[in-house]
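This is a predicted model, so every value here is computed, not measured.
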Amino acid sequence: MNIDFKRLDHVMLCIPVGAEHAARDFYAGVLGLEELTDLGYPLPKGAIWFQMGDIQLHIRAEENHVVSSDRHPAFEVQNLEAARALLEKSGITVKNDSPIPGRNRFSFRDPFGNRIELLEMID
């Protein structure tokens, strides 16, 4: 028997304890994500949830927050260059990652050191 995977439901990124306001400023303010505040149940462990396309992004404070890992989620976007311009206008450094056939991509770090990749499929 194989597991019949359907889709990615959510991604969780960690932030330092006490950085919740800065997380809202970045993810809602800079990236323009909608914060989900009423899911019909209490949010576990003080998590902050955002809607991101057809998945959810969970942000949660963690005592032993580690930064500068290469681990990352990768999100497909519709206009990569517009996303790059928005990030750079907000003072965020983007890094062109190694080429992958069929897609353009870059990554950046959120204010807490989490690496995030954005990609756009090309013909």
**Request:** Scan residues 11-32 for pairs that pass ring pair (Phe, Tyr, Trp, His ring centres under 6.0 Å), counting only residues two or more places apart or in two chains.
**Result:**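 For residues 11-32, and leaving out neighbouring residues, the ring pair (Phe, Tyr, Trp, His ring centres under 6.0 Å) pairs sorted by first residue read Tyr27-Phe50.
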Distance in Å, [X] [atom1] paired with [Y] [atom2], rounded so as to fall on 0.5 Å steps:
X	Y	atom1	atom2	result
Ser90	Asp25	OG	CG	11.5 Å
Arg109	Ser69	CZ	OG	7.0 Å
Arg103	Glu117	CZ	CD	8.0 Å
Leu31	Leu86	CG	CG	7.0 Å
Leu13	Arg60	CG	CZ	11.5 Å

Return all side-chain donor-acceptor pairs below 3.5 angstrom for residues 76-83, not counting sequence neighbours, or 'none' if the list is empty.
{"from": "Asn79", "atom 1": "OD1", "to": "Glu81", "atom 2": "N", "distance (Å)": "3.4"}
{"from": "Asn79", "atom 1": "OD1", "to": "Ala82", "atom 2": "N", "distance (Å)": "3.0"}
{"from": "Glu81", "atom 1": "OE1", "to": "Arg84", "atom 2": "NE", "distance (Å)": "3.0"}

**Prompt:** For atom CG of Asn64, is the number of surrounding heavy atoms from other residues, nucleotides or ligands below 6.0 Å larger than 12?
**Reply:**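 Result for CG/Asn64: open.
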Using a 4.5 Å cut-off on heavy atoms from C-beta on, say whether the side chain of [Y] contacts that of [X].
X	Y	answer
Asp97	Arg115	yes
Pro16	Phe112	yes
Leu118	Leu87	yes

Identify the heavy atoms of [X] and [Y] that sit nearest to each other, and give their distance.
X	Y	value
Glu35	Ile48	OE2-CG2, 3.5 Å
Glu20	Ala61	OE2-CB, 3.2 Å
Met52	Phe75	SD-CE2, 3.2 Å
Gln51	Ile55	NE2-O, 3.0 Å

For [X] and [Y], indicate whether the former's side chain and the latter's backbone hold a donor-acceptor pair under 3.5 Å.
X	Y	value
Arg7	Asp54	yes
Asn114	Ile15	no
Glu88	Ile92	no

